[in-house]
Amino acid sequence: MTIPSSPKTIDELMNRAYDMAGLTLGQLAHSHGFTTPENLKRDKGWVGQLIEHELGALAGSRPEPDFLHLGIELKTIPVDSKGKPIETTYVTVAPLIDIQGLTWETSVVSHKLQTVLWVPIQGDRDIPVSQRQIGTPILWSPNETELALLKQDWEEIMEFIALGQIKQLTARHGEVLQLRPKGANSRSVTQSIGPNGSTMMTNPRGFYLKIPFTQSILSRAFD
DNA sequence: ATGTGATCATGT
DNA sequence: ACATGATCACAT
């Protein structure tokens, strides 16, 4: 099995991404000696890891951009036959303590979303995983409108957290960015700020991009 | 437990 | 049909 080197320039990365467009996951998996699972029930991150490997992402599971030297984050996104995202997009875990002084500008969310390489993948469950096609890659950075929406949602959500109101926060908050559980299961716990300002235990949360938002990003690529 | 990669599956 | 809350695998 070959280990692709990490691309040295954005052009090199994009050329590689364009080169795999149109291939099926099965074809790509075979070229890397990966075994394609029957379904993704127990292999939820398989597609992302396959594409990471093909493009030479350094990542691992460290809290860094996939292509640190290029400042680019890689995200595969499952789409239906019309090109509409099937799932929300995970961004990062949410900080629940020691958040005094944290601003949008210094947040992990804003840093991760500065530049994203989106790789659409056919995700309809009636298509066998091995036959799902890889789509045209999109290099995206938020425009002013998108940035304003993201910042507004982030600030609203973080205010709830800072005020110890995390129990009142649901995925319904936020126009484009939402907070949802992110952990092994509902019994996972982490520290958070309680209503009285002290510490309590809660389920770890993650920031996710809502579907209409990512849908508009994908659409924008065809302007 | 935390963070990476995400999708599953149930209720509405 | 759809989004929310829950869940899976793996590395550290």
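Throughout, a chain's letter reflects where its sequence line sits, starting with A, and its residues are numbered from 1.
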No-H, no-angle donor-acceptor pair, [X] side chain to [N] base, under 3.5 Å:
{"X": "A:Lys41", "N": "B:dT7", "value": "no"}
{"X": "A:Tyr208", "N": "C:dA3", "value": "no"}
{"X": "A:Glu87", "N": "B:dC8", "value": "yes"}

For the pair made of [atom1] in [X] and [atom2] in [N], what is the distance, rounded to whole Å?
{"X": "A:Arg180", "N": "C:dA6", "atom1": "CZ", "atom2": "P", "result": "11 Å"}
{"X": "A:Ile77", "N": "B:dA6", "atom1": "CD1", "atom2": "P", "result": "10 Å"}
{"X": "A:Asp43", "N": "C:dA11", "atom1": "CG", "atom2": "P", "result": "13 Å"}

(message) Check this one for me: any side-chain N or O of A:Gln49 less than 4.0 Å away from OP1 or OP2 of B:dT4?
(response)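 It does not, given that no N or O in the side chain of A:Gln49 lies less than 4.0 Å from OP1 or OP2 of B:dT4.
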
(request) Please state whether the phosphate of B:dT4, meaning OP1 or OP2, lies under 4.0 angstrom from any side-chain nitrogen or oxygen of A:Tyr90. (result)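 Answer is yes, contact under 4.0 Å.
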
By the 4.0 Å heavy-atom rule, please label [X] as base, sugar-phosphate, or nothing.
{"X": "A:Ile211", "answer": "sugar-phosphate"}
{"X": "A:Thr92", "answer": "sugar-phosphate"}
{"X": "A:Pro78", "answer": "sugar-phosphate"}
{"X": "A:Arg42", "answer": "sugar-phosphate"}
{"X": "A:Gly183", "answer": "base"}

